[in-house]
Chemist: 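Quick one: the structure is below, questions incoming.
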Amino acid sequence: MYVQRLHGCSVQCLSSESHLQELCRIEHVCCAPLGVNRKNICNFEVEYLCDYKRIQDEELYLVKWKGYPDSDCSWEPRHHLKCFNLLKQFHRDLERELLRRAKAAGNTPSRKSIARCPRRLDSSLSHHVVLKAKQRQRLRMWEQKLNNKHAHPGFILVENEVDLEGPPKDFVYINQYKVGEGVTITQSAVGCKCRDCFTDEGGCCPGGFQHKLAYNEYGQVKVKPGFPIYECNSLCRCGPSCPNRVVQKGIQYKFCIFRTSDGRGWGVRTLEKIRKNSFVMEYVGEIITSDEAERRGHIYDRQGATYLFDLDYVEDVYTVDAARYGNISHFVNHSCKPNLQVYNVFIDNQDERLPRIAFFSTRTIRTGEELTFDYNMQVDPVDVESTKMDSNFGLAGLPGSPKKRIRVECKCGAAQCRKYLF
């Protein structure tokens with residue numbers, strides 16, 4: 001861990017400023033660079049609330065003080081506490097757990113009765129609110145880690161108001177493909193010479209492959225699913241404002257990774273309105289060979305989940321595995337009536353066996369709506385070219401009849417649900 005010593009301070013300082021301030025207060029040392037002086041050296045910060053009791057008409061909370069061990073927790077009257085958000089969160093967690101227990105017991109209590117806090121919490125209730133507080137800390141740390149790693153303008157929030165599940169283990173956030181063993185990506189050798197790519201379609205990158213520009217002037221995709229998208233690349237004369245540079249600019253929206261309440265694990269919802277035919281995100285992961293995908297596929301199949309996506313635009317040679325390495329698309333759930341559509345995109349690499357997988361909105365997506373795509377998507381053939389694309393997420397890496405596999409129940413809730421993911 002990085003250690004330094006601030007000028008004029010005898011306390012060894014660690015990287016976080018708030019942690020340094022806590023350390024100074026614990027040691028009762030004033031530190032001008034950190035703003036710790038005689039007036040505020042005795043200020044303490046509430047980390048979370050552990051318990052509750054009411055004696056006559058006075059409400060008391062057991063407080064865990066930030067920077068201090070559990071043995072230093074103390075009971076404090078409510079009027080001494082200024083941590084209004086923590087108080088609100090404590091009672092929200094408590095009400096949700098009381099409601100869950102009542103429903104499990106077959107009761108249907110009113111919201112008013114649930115909101116009326118008991119005079120004392122039993123040990124299991126106080127233990128639950130502490131676990132929720134610690135879980136929320138872990139999720140905030142993970143959220144900060146995700147936002148420090150992503151290389152796009154969009155912000156990521158994380159929330160779990162359903163259970164005590166914390167951040168996924170062994171998941172590494174990446175912004176672009178991780179090249180696996182036996183895979184080679186060749187960068188483009190040429191770029192377009194257009195002065196205006198929007199008007200000079202014939203000489204632009206799509207024209208070089210006998211295709212039209214895929215976007216309109218607002219950056220919305222205008223070609224049908226199944227047609228490839230060729231964007232301008234790093235060797236093109238045009239600049240970053242070129243209308244043929246959309247996917248490469250990355251995610252532009254704010255998203256929330258949330259815990260679903262119907263047993264589908266984590267999901268992703270948008271925190272902004274998304275227009276129809278807009279680029280939403282890429283499906284990013286580790287590129288592996290089909291042989292390796294087959295090996296991993298059988299393992300994932302036994303686990304009842306898969307993150308394998310075949311790159312079978314022209315031939316089934318490579319697969320994207322987002323199980324361990326991936327971006328926010330790792331958490332996007334399946335739906336038999338999705339609001340995202342897959343397109344094959346080529347930018348700095350024109351090898352048709354290695355397209356980039358981009359999700360575009362199929363309709364206007366409202367703020368707060370969950371994002372989904374069809375794990376067994378089939379593209380209607382509009383011409384010979386489009387029949388190349390047959391992205392089957394559910395069966396990636398697993399040859400043979402789906403009947404031989406463990407069937408996974410679909411919980412998407414769509415009216416035309418197929419009942420099984422694969």
Chemist: Ion pair present between E159 and R269, side-chain N to carboxylate O less than 4.0 angstrom?
Modeler: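 Yes, charged N to carboxylate O under 4.0 Å.
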Chemist: Quick one: closest heavy-atom pair of W65 and D72, and the distance?
Modeler: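 For W65 versus D72, the nearest heavy atoms are CD1-O, 3.5 Å.
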Chemist: Say you draw a straight line from CG of L340 to OH of Y283; how long is it, rounded to the nearest 0.5 Å?
Modeler: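 That separation rounds to 13.0 Å.
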Chemist: Before you tell me yes or no, could you show the steps for C336 and D374 under side-chain contact (heavy atoms from CB on, under 4.5 Å), namely the whole-Å CA-CA distance, both residues' side-chain angles and the distance that decides it to 0.1 Å?
Modeler: CA-CA 6 Å; C336 296; D374 190 343; 5.6 Å; no
Chemist: Under 4.0 Å between a Lys/Arg side-chain N and an Asp/Glu carboxylate O for R96 and E161?
Modeler: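 Counted as a salt bridge, because a side-chain N and a carboxylate O are separated by less than 4.0 Å.
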Chemist: Counting N and O atoms only, with roles assigned by atom type, does the side chain of Q220 sit under 3.5 Å from a partner on the main chain of K276, one being a donor and the other an acceptor?
Modeler: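 Looks like yes, one N/O pair under 3.5 Å.
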Chemist: Could you state the interatomic distance from CD (Q187) to CD (Q350), rounded to the nearest 0.5 Å?
Modeler: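 It is 9.5 Å, given to the nearest 0.5 Å.
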Chemist: Is any side-chain heavy atom of Y253 closer than 4.5 Å to one of L271?
Modeler: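 The answer is no, as the side chains (C-beta and beyond) never meet within the 4.5 Å cut-off.
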Chemist: Before accepting this row, confirm whether a basic side-chain N of the pair D93/R136 lies closer than 4.0 Å to the acidic partner's carboxylate O.
Modeler: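 Result for this pair is yes, salt bridge flagged.
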Chemist: Would you please indicate yes or no on a ring centroid separation below 6.0 angstrom for W142 and F331?
Modeler: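 Centroid separation for F331 and W142: below 6.0 Å.
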Chemist: Decide yes or no for L94 and L125: does some side-chain heavy atom of the first lie under 4.5 Å from some side-chain heavy atom of the second?
Modeler: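 Counting from C-beta outward, L94 and L125 do come under 4.5 Å.
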Chemist: Quick one: CG on L371 to OG1 on T270, what's the gap to the nearest 0.5 Å?
Modeler: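 So the CG of L371 and the OG1 of T270 are separated by 6.0 Å.
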Chemist: Can you list the steps and then say if F360 with V342 is a side-chain contact (heavy atoms from CB on, under 4.5 Å)?
Modeler: CA-CA 7 Å; F360 286 79; V342 173; over 6 Å; no
Chemist: Would you please test F198 and L213 for side-chain contact (heavy atoms from CB on, under 4.5 Å) and show each step?
Modeler: CA-CA 7 Å; F198 191 71; L213 192 69; 3.6 Å; yes
Chemist: For G297 and L308, work out which heavy atoms get closest and say how close.
Modeler: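 Smallest interatomic distance, heavy atoms only, reads CA-CD1, 3.6 Å.
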Chemist: Locate the shortest heavy-atom distance separating I251 from P153; write the atom from each residue and the value.
Modeler: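 Here I251 and P153 meet closest at O-CD, 3.0 Å.
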Chemist: Looking at every heavy atom in both Y343 and V223, which two are closest together, and how far apart are they?
Modeler: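 Closest approach of Y343 to V223: OH-O, 2.8 Å.
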Chemist: I'd like to know if the side chain of E165 pairs up with that of Q135 as donor and acceptor (distance under 3.5 Å, no hydrogens or angles considered).
Modeler: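 There is no such pair between these side chains.
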Chemist: Where the side chain of N175 meets the backbone of K149, is there a donor-acceptor pair that is under 3.5 Å apart?
Modeler: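 Yes.
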Chemist: Does N147 reach the main-chain N or O of I156 with its side chain, forming a donor-acceptor pair under 3.5 Å?
Modeler: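 Yes: the side chain of N147 pairs with the backbone of I156.
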Chemist: Establish, from distance only, whether the side-chain atoms of E76 and S74 form a donor-acceptor pair under 3.5 Å.
Modeler: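 Present: a donor and an acceptor within the cut-off.
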Chemist: Going by distance alone, is a donor N or O of one side chain under 3.5 Å from an acceptor N or O of the other, for T289 and D291?
Modeler: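 There is no such pair (donor and acceptor under 3.5 Å, judged by atom type) between the side chains of T289 and D291.
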Chemist: Ignoring hydrogens and angles, state whether a donor on the side chain of D310 or T319 is under 3.5 Å from an acceptor on the partner side chain.
Modeler: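 Yes.
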Chemist: Give a yes or no answer on whether the side chain of N148 reaches the backbone of Q144 with a donor-acceptor pair at less than 3.5 Å.
Modeler: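 The answer is yes, because a donor-acceptor pair under 3.5 Å joins these two groups.
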Chemist: Return the minimal non-hydrogen interatomic distance between P118 and L98, and the atom names on each side.
Modeler: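 Shortest heavy-atom separation between P118 and L98 comes out as CD-CD1, 4.4 Å.
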Chemist: Just wondering, do N107 and R101 contact through their side chains at under 4.5 Å, heavy atoms?
Modeler: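 No; the side chains remain at least 4.5 Å from each other.
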Chemist: Quick check for you: to the nearest 0.5 Å, what is the distance between L164 atom CG and L131 atom CG?
Modeler: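 Between L164 CG and L131 CG, I get 5.5 Å after rounding to 0.5 Å.
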Chemist: Heavy-atom count check: over 12 atoms from other residues, nucleotides or ligands less than 6.0 Å from E217 CD?
Modeler: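 Check passes, neighbour count above 12.
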Chemist: Please report the C-alpha distance between Y61 and H91 in whole Å, then the side-chain angles of each, then the deciding distance to 0.1 Å, and finally whether the ring pair (Phe, Tyr, Trp, His ring centres under 6.0 Å) criterion is met.
Modeler: CA-CA 11 Å; Y61 294 85; H91 284 280; 5.8 Å; yes
Chemist: Which atom pair, heavy atoms only, marks the closest approach of Y318 to G182?
Modeler: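 The answer is CE2-O, 4.4 Å.
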Chemist: Evaluate whether atom CG of D262 has more than 12 neighbouring non-hydrogen atoms of other residues, nucleotides or ligands under 6.0 angstrom away.
Modeler: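 Yes.
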Chemist: Salt bridge (Lys or Arg N to Asp or Glu O under 4.0 Å), that's the test. Do E95 and R92 meet it? Break it down for me.
Modeler: CA-CA 5 Å; E95 288 174 16; R92 187 183 295 125; over 6 Å; no
Chemist: Check this for me: does any side-chain nitrogen of one of R264 and E409 sit under 4.0 Å from a carboxylate oxygen of the other?
Modeler: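 No.
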Chemist: Going through the checks in order, is the side-chain contact (heavy atoms from CB on, under 4.5 Å) test met by I257 and L157?
Modeler: CA-CA 6 Å; I257 300 173; L157 296 178; over 6 Å; no
Chemist: Is D321 salt-bridged to K178, going by a charged N under 4.0 Å from an acidic O?
Modeler: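 No.
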Chemist: Around atom NZ of K249, are there more than 12 heavy atoms from other residues, nucleotides or ligands closer than 6.0 Å?
Modeler: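 Yes, the 6.0 Å shell around NZ holds more than 12 heavy atoms from other groups.
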Chemist: Applying the side chain to side chain contact (heavy atoms under 4.5 Å, CB included) test to C232, which of P240, P243, C197 qualifies?
Modeler: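 Testing each of P240, P243, C197 against C232, the sole residue satisfying side chain to side chain contact (heavy atoms under 4.5 Å, CB included) is C197.
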Chemist: Do N333 and E370 have side-chain N/O donor and acceptor atoms under 3.5 Å apart?
Modeler: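 Their side chains do contain a donor-acceptor pair, which is all the 3.5 Å distance test asks for.
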Chemist: Distance from M281 atom CE to F279 atom CZ, nearest 0.5 Å?
Modeler: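 So the CE of M281 and the CZ of F279 are separated by 8.5 Å.
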Chemist: Measure the acute angle between the ring planes of Y230 and F346, then classify it against the limits of 30° and 60° as parallel, tilted or perpendicular.
Modeler: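 Taking F346 first and then Y230, their aromatic rings lie parallel (interplane angle under 30°).
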Chemist: Looking at R245 and E231, does any basic side-chain N land under 4.0 Å from a carboxylate oxygen?
Modeler: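 Looking at R245 and E231, the cut-off is not met.
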Chemist: Quick check: does any side chain N or O of K132 sit under 3.5 Å from a backbone N or O of D163, one acting as donor and the other as acceptor?
Modeler: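 Yes.
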Chemist: Considering the options E282, Q176, Q248, which one meets the side chain to side chain donor-acceptor pair (under 3.5 Å) requirement together with R356?
Modeler: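 For R356, the side chain to side chain donor-acceptor pair (under 3.5 Å) check succeeds only for E282.
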Chemist: Mind checking whether W266 and F258 have side chains closer than 4.5 Å, heavy atoms only?
Modeler: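 When only atoms from C-beta onward are counted, F258 and W266 do not touch, as no gap falls below 4.5 Å.
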Chemist: Is it true that R54 and E58 have a side-chain N and a carboxylate O under 4.0 angstrom from each other?
Modeler: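 The answer is no: the pair does not qualify as a salt bridge.
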Chemist: For the backbone of V317 and the side chain of S290, can you confirm whether one donor and one acceptor N or O come within less than 3.5 Å of each other?
Modeler: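 Checking the backbone N and O of V317 against the side chain of S290, a donor-acceptor pair under 3.5 Å is found.
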Chemist: Any side-chain heavy-atom pair from F359 and T372 closer than 4.5 angstrom?
Modeler: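 F359 vs T372: side chains apart.
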Chemist: Main chain of V162, side chain of S261: is a donor-acceptor contact present, judged purely on distance under 3.5 Å?
Modeler: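 No; judged by distance alone, with no hydrogens or angles, the pair does not exist.
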Chemist: Has T367 got a side-chain atom pairing as donor or acceptor with K273's backbone, closer than 3.5 angstrom?
Modeler: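 Confirmed, T367 side chain pairs with K273 backbone.
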Chemist: Once rounded to the nearest 0.5 Å, what's the spacing between atom CZ of R366 and atom CD of E272?
Modeler: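 Output value for this atom pair is 16.0 Å.
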Chemist: Any Lys/Arg nitrogen of E59 or R78 sitting under 4.0 Å from an Asp/Glu carboxylate oxygen of the other?
Modeler: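 Looking at E59 and R78, the cut-off is met.
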Chemist: Please evaluate residues N339 and T362 with respect to the criterion side-chain hydrogen bond (donor to acceptor under 3.5 Å, both in side chains), reporting the C-alpha separation (whole Å), side-chain torsions for both, the decisive distance (0.1 Å), and the verdict.
Modeler: CA-CA 5 Å; N339 50 26; T362 61; 6.0 Å; no
Chemist: Identify whether the distance between the nearest side-chain nitrogen and carboxylate oxygen of E143 and R140 falls below 4.0 Å.
Modeler: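 Result for this pair is yes, salt bridge flagged.
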Chemist: Taking the inter-plane angle between the rings of F171 and Y173 on a 0 to 90° scale, is it parallel (under 30°), tilted (30 to 60°) or perpendicular (over 60°)?
Modeler: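 The arrangement is perpendicular - the two ring planes meet at more than 60°.
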Chemist: I'd like to know if the side chain of S335 reaches the main chain of C412, judged simply by a donor and an acceptor atom lying under 3.5 Å from each other, with no hydrogens or angles considered.
Modeler: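 No, S335 side chain to C412 backbone: no donor-acceptor pair under 3.5 Å.
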Chemist: If you take the centroid of each ring, where Trp contributes its six-membered ring, are F373 and H334 closer together than 6.0 Å?
Modeler: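 Centroid distance H334-F373: not below 6.0 Å, so no.
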Chemist: So do K66 and V46 actually touch side chain to side chain, heavy atoms under 4.5 Å?
Modeler: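 With C-beta onward as the side chain, the pair stays apart.
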Chemist: Using modelled atom types and a 3.5 Å cut-off, is there a donor and acceptor pairing between side-chain atoms of N349 and backbone atoms of L354?
Modeler: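 Flag set: sc N349 to bb L354 pair under 3.5 Å.
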